[in-house]
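Please read the structure below before turning to the comments.
For clarity, every value in this text was computed on a predicted model and none was experimentally measured. Both counts, for ligands and for their atoms, begin at 1 and track the order of listing. No hydrogens, no waters, no symmetry mates; every other heavy atom, side chains included, goes into these values.
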Amino acid sequence: MTPILVTGGTGTLGRAVVRELTTAGQDVRVLSRRTGGDLVTGRGLDAALRDADTVLHLATTLRGGRDVTATRNLVDAATDVRHLVFVSIVGIDRIPFGYYLGKLAAERIVTERPHTILRATQFHDLIRTLLAGAATLPVMPVPAVRAQPVDVRDVAVRLAELASGEPRGRAPDFGGPEVKTFRELAGEYLHATGKRRRVVDLSLPGRAFGGFRDGANLVPGNPAGTVTFEEYLTS
Ligand SMILES: NC(=O)c1ccc[n+]([C@@H]2O[C@H](COP(=O)([O-])OP(=O)(O)OC[C@H]3O[C@@H](n4cnc5c(N)ncnc54)[C@H](OP(=O)(O)O)[C@@H]3O)[C@@H](O)[C@H]2O)c1
C-alpha cells in the first residue's frame with residue numbers, strides 16, 4: 001500500500017483527517033514541525049514524500065507569506081505525486097484579507113500539479129475560539145456578519161473521499177449545515193458555557209470586512225456538513 005502524506009496532520013483539521021484515513025485502513029504519514037519536518041525550510045520533505053502518490057496539504061503557518069513559501073516548497077518537491085489535495089477557504093477571491101491573499105497564491109501554486117482544491121467555510125473550532133476571546137470582556141463584541149461554520153469531522157470525510165478519487169481541480173465548495181449571524185452563534189456559545197454577556201454587533205471599515213458582510217464567506221446553496229455549531233458545542 002502506498003502511503004498518503006498529510007501535511008499539518010497534527011492540526012485541528014489534520015487530526016480529524018488522519019483519524020478518518022487511518023480508520024479506513026490507509027497507510028498515513030504526517031509532516032509537521034512536531035513530527036520533525038518543516039515545509040518552510042524544506043526539512044524532512046523529501047523523506048516524507050518518498051513513495052507517496054497522494055498528498056493532502058493541510059498545513060498552515062497562519063502567516064500568508066509563509067504559507068506561500070511552504071506550498072512552493074511542497075509543490076517543487078512533489079514531482080512524482082499523482083494527486084495533491086489542498087484545503088482552502090470559501091470566498092478568498094472576494095475577501096481581500098491578508099491571510100486569504102496568501103491562500104489564493106498557494107491555490108495557484110497547487111494547480112501546477114494534478115490537484116483537487118476544496119474550499120471550506122470557517123471551522124466550528126475557529127468560531128468557538130473567536131467567541132471565547134470576545135467573552136472574556138464584560139460586553140461581548142461580535143462582527144456584524146454571518147458565518148456557516150462547519151465541523152472538521154465533516155470536512156475530513158469529504159477530503160478522504162476526494163483523495164481516494166482522481167484529481168478534479170476545484171471541487172464544489174463545502175459549507176456547514178446552517179448560516180447564522182455571529183450574534184446568534186454568540187447566543188449558542190453563551191448558552192452552552194453558562195455565561196451571561198451583553199452581545200454588541202461590531203462593524204468595521206474596509207473591503208475585507210465588506211466581503212464578509214456581503215456573505216462572500218458563505219455557500220448557502222450548498223450546505224454539505226452535518227454537524228451544527230450547537231451540536232459541536234455540546235459534543
Ligand atoms: N480554521 C478554519 O476555519 C479554516 C476554514 C477553512 C479552511 N481552513 C484551512 O484548513 C487548514 C488547516 O487549518 P487548521 O485550523 O486545522 O490549522 P491548525 O490547527 O493551525 O494546524 C496547522 C497545522 O500546520 C502545521 N504546520 C505549521 N507550520 C508548519 C510548517 N512550517 N511545516 C509543516 N507543518 C506546519 C502544524 O503543525 P506543527 O505546529 O507541528 O508544525 C499543524 O499541524 C489550513 O490550510 C486552513 O487555511 C481553515
Side-chain angles (χ1 to χ4, degrees), residues 5-20 28-49 55-75 77-78 84-93 95 97-107 109-110 115-133 143 145 147-156 158-160 162-163 170-176 182 185 212 216-219 224-225 227 229 232:
L5 173 63
V6 181
T7 77
T10 54
T12 307
L13 173 63
R15 288 193 302 273
V17 168
V18 168
R19 207 175 305 123
E20 187 64 31
V28 181
R29 196 179 276 166
V30 170
L31 176 83
S32 87
R33 290 165 304 176
R34 268 168 278 178
T35 64
D38 191 330
L39 282 174
V40 176
T41 64
R43 179 165 50 110
L45 189 47
D46 288 341
L49 282 167
V55 175
L56 283 105
H57 180 31
L58 316 178
T60 181
T61 64
L62 299 178
R63 298 252 295 273
R66 284 219 217 141
D67 271 7
V68 175
T69 304
T71 304
R72 167 50 62 207
N73 288 342
L74 174 67
V75 165
L84 175 57
V85 181
F86 182 56
V87 70
S88 188
I89 307 171
V90 167
I92 53 170
D93 46 351
I95 304 174
F97 173 54
Y99 177 70
Y100 286 10
L101 297 175
K103 204 78 197 164
L104 200 55
E107 274 192 1
I109 296 170
V110 164
H115 66 279
T116 300
I117 294 172
L118 179 69
R119 289 185 180 178
T121 53
Q122 281 67 48
F123 300 160
H124 291 324
D125 307 75
L126 175 68
I127 303 288
R128 180 178 46 81
T129 303
L130 294 175
L131 294 174
V145 300
Q148 189 177 350
V150 70
D151 198 282
V152 288
R153 291 165 291 186
D154 285 330
V155 182
R158 181 67 180 137
L159 285 170
L162 290 170
R170 260 287 289 284
D173 291 353
F174 196 89
F182 258 85
L185 294 167
F212 283 105
N217 58 321
L218 309 174
V219 278
V227 182
F229 187 60
Y232 156 83

Minimum-distance protein heavy atom relative to atom 23 (C) of ligand 1: Gly8 CA, 3.7 Å

Counting heavy atoms under 4.0 Å, the part of Arg66 that contacts ligand 1 is neither

Between Phe86 and ligand 1, find which residue part has any heavy-atom pair under 4.0 Å and reply side chain, backbone, both or neither. neither

Please report whether ligand 1 has a polar contact with Leu126, defined as an N or O pair separated by less than 3.5 Å (distance criterion only). no

Considering the heavy atoms of Thr12, write down every atom of ligand 1 situated less than 4.0 Å from one of them. 16 (O), 19 (O)

Give a yes/no on ligand 1: does Thr121 have at least one heavy atom closer than 4.0 angstrom to it? yes

Report yes or no: does a heavy atom of Pro149 sit under 4.0 Å from some atom of ligand 1? no

Using a plain distance cutoff, I'd like to know if Thr60 has any nitrogen or oxygen under 3.5 Å from a nitrogen or oxygen of ligand 1. yes

Can a side-chain donor-acceptor contact be found between Asp67 and Thr60 if the only test is distance below 3.5 angstrom? yes

Could you tell me whether some N/O pair between Gly14 and ligand 1 is separated by less than 3.5 angstrom? no

With atom 39 (O) of ligand 1 as the reference point, say which of Arg119, Arg33, Arg15 has the nearest heavy atom. Arg33

So, using side chain to side chain contact (heavy atoms under 4.5 Å, CB included) as the criterion, who are the partners of Ala163 when residues are at least two apart? Thr54, Leu56, Val85

Going by the angle between their ring planes, with limits at 30° and 60°, are Phe212 and Tyr100 parallel, tilted or perpendicular? tilted

Considering only protein heavy atoms, which is closest to atom 47 (O) of ligand 1, and at what distance to one decimal place? Tyr99 OH, 2.6 Å

May I ask whether Thr7 places a heavy atom under 4.0 Å from ligand 1? no

Heavy-atom contact check, 4.0 Å cutoff: does Gly37 meet ligand 1? no

Leu13: numbered ligand 1 atoms lying under 4.0 Å from its heavy atoms: 10 (O), 16 (O)

Just so I know, are the side chains of Val90 and Leu218 near enough to count as touching, which here means a heavy-atom distance under 4.5 Å? no

In ligand 1, the atoms that come under 4.0 Å of a heavy atom of Val87 are 9 (C), 10 (O), 11 (C), 45 (O)

Is Asp93 salt-bridged to Arg119, cutoff N-O under 4.0 Å? yes

Near Gly11, which atoms of ligand 1 are under 4.0 Å from a heavy atom of that residue? 19 (O), 21 (O), 42 (C), 43 (O)

Atoms of ligand 1 close to Lys103 [distance to a heavy atom under 4.0 angstrom, numbered from 1]: 44 (C), 45 (O), 46 (C), 47 (O)

At a non-hydrogen distance cut-off of under 4.0 Å, which region of Leu58 contacts ligand 1 (side chain, backbone, both, or neither)? backbone

Main-chain N/O of Val227 paired with His124 side-chain donor or acceptor, under 3.5 Å: yes

For Ala120, atoms of ligand 1 separated by under 4.0 Å from a heavy atom: 6 (C)

Per-atom contacts, ligand 1 versus Val40 - under 4.0 Å to a heavy atom: 31 (N)

Ile89-ligand 1 polar pair, N/O distance under 3.5 Å: no

Does Phe86 reach the side chain of Glu107, with side-chain heavy atoms less than 4.5 Å apart? yes

As a quick check of understanding, evaluate side-chain contact (heavy atoms from CB on, under 4.5 Å) for Leu39 and His57, giving each step before the final call. CA-CA 10 Å; Leu39 282 174; His57 180 31; 3.7 Å; yes

Going by the order shown, which atoms of ligand 1 are within less than 4.0 Å of some heavy atom of Asp38? 30 (C), 31 (N), 32 (N)

Report the part of Ser88 in contact with ligand 1, treating N, CA, C, O as backbone and CB onward as side chain, heavy atoms under 4.0 Å; options are side chain, backbone, both, neither. backbone

Of all protein heavy atoms, the one nearest atom 37 (O) of ligand 1 is Thr10 OG1, 3.1 Å

I'd like to check Asn217 versus Gln148 (side-chain heavy atoms, cut-off strictly below 4.5 Å). Are they in contact? no

